[in-house]
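These notes concern the structure reproduced below.
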Amino acid sequence: MLTNNKNVLTWVEEMVALCKPDKVVWIDGSEEQLSALRDEAVSTGEMERLNQEKLPGCLLHRTNPNDVARVEARTFICSRKEEDAGPTNNWCDPKEMYAKLTPMYDGVMKGRTMYVIPYSMGPIGSPLAKVGVELTDSIYVVLNMDIMTRIGKAAFENLGDTSNDFVRGLHSKADVDPEKRYIVHFPEDNTIWSINSGYGGNVLLGKKCFALRIASYQGKNEGWMAEHMLILGIEAPNGETTYISAAFPSACGKTNLAMLIPPEVYAKQGYKVWTVGDDIAWLKPGADGRLYAINPENGFFGVAPGTNMKSNPNALKTTMKDTIFTNVAHNLDDNTVWWEGLDKNPPENAVEWTGKPWNGKKDEIKGAHPNSRFTAPARNCPCISPEFDNPQGVPISAMVFGGRRAKTAPLVYQSFDWKHGVFVGSTMASETTAAATGAVGVVRRDPMAMLPFCGYHMGDYFKHWLEMGEKLGDKAPKIFNVNWFRTDDEGHFIWPGFGDNMRVLMWIVNRCKGAADAVETPIGYEPKPEDINLEGLDIDLDTVKGLLDVDVDLWKEEAKGIREFYAKFGDRLPKEMADQLDALEARLDK
Ligand code: GTP
Ligand code: SPV
Ligand code: MN
């Protein structure tokens, strides 16, 4: 046991009595212990050790093919009152849910080991950090949590002997039965129960379950924000760094933007980009009244397909050691990994992500699952920010929203003010991706990219955003919206994206400094096309004009869609949001 905290000890005892594991192992975070667990996972076949010369410390894992993504339909927010979960979450009465799940956990770890993982979300000792304890019967979970969070004895230091402020996470793979899969949050009990899955977001309980669903609820009550946002810093040649956070839905480009390599035109002037986080930000007003952000995570759980030396060299380099690959193709020629978009040469002699030999046509059958992932330590990242471990976080100048929209949303626009910015975030829409089970490519509303992650009523969440803006006053970050995904008539992306997205970020930085002009449109402020730097790009001004075009008819349709969506929230939609919608329609009618 690594703690004297009675609340922890009592709860672990209760859960042991329920799950009845053969053995209980406390994870102290020592290399010795973790190394023994890696060996054990390799010896049982749960993981495969990859080529230790080319990929030192790297392992490969395959999940059950029925278990490859988050399962939103089986994810629940069990607040005592149904109305507190709101219309965008699945809800069940907590008593009923505990009664339903308790028999499923009863004896579920017989013949297995229960691992007790203490972890800190956020740098240990940071005033913004929080403690969790995850109980699991999966070594894969232990090894992933080691990369994604700060685990072990040190995590308990923040808690002390008496505090009850820790999140209780209980996970069992059970039989990986999709019909009995549940990802359940009890925000009022600081508790998460997950069963019958072994896939990332469903089982690494520090990530989406705690750091977004539970934390968003805590943030509302405690005056801070938990957001599905990357955090990056742009360092100017004079050494001054501007920090930006950005919310895009799952598999819509956060990791890529967070690690971008400045195009030559900026690199030669001495600009640098630093990664603070690629998925989650916890934000709180600091002593100077500005909004400060930490990344609660300690690693990256990134989408593998599409990652290559051109699109995201920093991510690729980050995965070269001490990384766990999940559901990618296994290259048997040299015992390495491969995925679609890594290069144009799929390995001859390989195993598909399902574990079958990859014999079919390699352009028809995928080697890696579209939601295959790497779990890589932040310390590996060549562009990790020097402020990564700063317990105070970094001051945010701009917040950016965005999604996948083939039409409608322009390349970039700025909100008129904070309130309008909250409206812009609340009306975000994006085409669905493989990060969650269900149809791919369907446009759905995804406010602030938090639709699957907000742990309480989304109307109250908008209200919390409005209140944060009031608190921050004129020190509030400026709010923007971007869209890298507009397509031409043949369905090709028009904007080059990736590193070249910096050209758009630079307009944003300059707007924050009052150093760039803007044009007023019915939806917000836009750059003059010539204010997007195109040096070194194969794109002309007319194309940029097209990307910035606001099609009034499409936007009138959009406004109708927003009105329908807003209707869901009833009287918990803040009046300010309804007023914003009226104002948008009025501007479009002019
Ligand atoms: P989660 O980890 O699921 O939250 O995803 P994410 O938001 O971090 O997305 P990620 O950066 O992993 O990108 C997902 C997919 O979008 C990858 O296949 C990328 O290659 C692709 N992508 C990222 N940025 C761009 C871009 O600027 N343009 C285009 N066309 N594709 C992009
Ligand atoms: C996402 O789906 O937004 C992810 C991956 O970042 S998961 O951890 O599965 O949520
Ligand atoms: Mn994500």
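One-based numbering, in listed order, for ligands and for the atoms of each. Atom set for the values below is all heavy atoms of this structure, side chains included, hydrogens, waters and symmetry mates excluded.
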How are the rings of Trp282 and Phe210 set to each other: parallel, tilted or perpendicular (split at 30° and 60°)?
tilted
N, O or S atom within Asp279 nearest to the Mn ion (ligand 3), by name:
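Checking each N, O and S atom of Asp279, the shortest distance to the Mn ion (ligand 3) belongs to OD1.
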Centre-to-centre under 6.0 Å for [X] and [Y], is that the case here?
| X | Y | result |
| --- | --- | --- |
| Tyr456 | Trp91 | no |
| Phe493 | Phe485 | yes |
| Trp353 | Trp338 | no |

What protein heavy atom sits nearest atom 4 (C) of ligand 2, and how far off is it?
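Checking every protein heavy atom, the shortest distance to atom 4 (C) of ligand 2 gives Lys208 NZ, 2.8 Å.
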Does [X] reach the side chain of [Y], with side-chain heavy atoms less than 4.5 Å apart?
| X | Y | value |
| --- | --- | --- |
| Trp507 | Asn533 | no |
| Leu205 | His171 | yes |
| Tyr266 | Glu535 | no |

List every atom of ligand 2 that sits less than 4.0 Å from any heavy atom of [X], numbering the atoms from 1 in the order shown and giving each element.
| X | value |
| --- | --- |
| Asp279 | 6 (O) |
| Lys207 | 6 (O), 8 (O) |
| His228 | 3 (O) |
| Gly201 | 7 (S), 8 (O), 9 (O), 10 (O) |
| Ser250 | 1 (C), 2 (O), 3 (O) |
| Tyr199 | 9 (O) |
| Ala435 | 2 (O) |

For ligand 1, is there an N or O atom under 3.5 Å from any N or O atom of [X]?
| X | result |
| --- | --- |
| Cys252 | yes |
| Thr255 | yes |
| Ala251 | yes |

Counting each atom of ligand 1 from 1 as listed, which ones have a heavy atom of Lys254 under 4.0 Å away?
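Heavy-atom distances to Lys254 below 4.0 Å select 1 (P), 4 (O), 5 (O), 6 (P), 7 (O), 8 (O), 9 (O), 11 (O).
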Is it the side chain (CB and beyond), the backbone, both or neither of [X] that lies under 4.0 Å from ligand 1, heavy atoms counted?
| X | result |
| --- | --- |
| Ser250 | both |
| Met229 | neither |
| Arg404 | side chain |
| Thr433 | neither |
| Asp279 | side chain |
| Phe498 | both |

I'd like to know if Asp67 and Arg62 make a salt bridge, using a cut-off of under 4.0 Å between side-chain N and carboxylate O.
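The answer is no: the pair does not qualify as a salt bridge.
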Check Glu431 with Arg444, please: is the shortest side-chain N to carboxylate O separation under 4.0 Å?
no
With [X] as the cation and [Y] as the aromatic partner, state whether NZ or CZ is under 6.0 Å from the six-membered ring centre and within 45° of the axis.
| X | Y | result |
| --- | --- | --- |
| Arg74 | Tyr182 | yes |
| Lys362 | Trp358 | yes |
| Arg213 | Tyr217 | no |

Consider ligand 1: state whether an atom of it lies below 4.0 angstrom from any non-hydrogen atom of [X].
| X | value |
| --- | --- |
| Ala258 | no |
| Ser311 | no |
| Pro305 | yes |
| Arg486 | no |
| Phe485 | yes |

Under 3.5 Å, N or O to N or O, is Arg70 touching ligand 2 that way?
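Among all N and O atoms of Arg70, at least one is under 3.5 Å from an N or O of ligand 2.
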So that I can check it, does any N, O or S atom in Ile280 come closer than 2.8 Å to the Mn ion (ligand 3)?
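No, outside the cut-off.
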Hydrogens and angles aside, do Asn327 and Ser372 bring a side-chain donor and acceptor to less than 3.5 Å of each other?
no
Between the side chains of Tyr140 and Thr326, is a donor N or O closer than 3.5 angstrom to an acceptor N or O?
yes
So for atom CG, which belongs to Asp538, do other residues, nucleotides or ligands contribute more than 12 heavy atoms lying within a distance under 6.0 Å?
no
I'd like to know if Arg373 contacts ligand 2, where contact means a heavy-atom distance under 4.0 Å to any ligand atom.
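Flag set, Arg373 near ligand 2.
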Apply the side chain to side chain contact (heavy atoms under 4.5 Å, CB included) test between Phe453 and each candidate in Glu72, Lys207, Arg70; give the one that qualifies.
Arg70
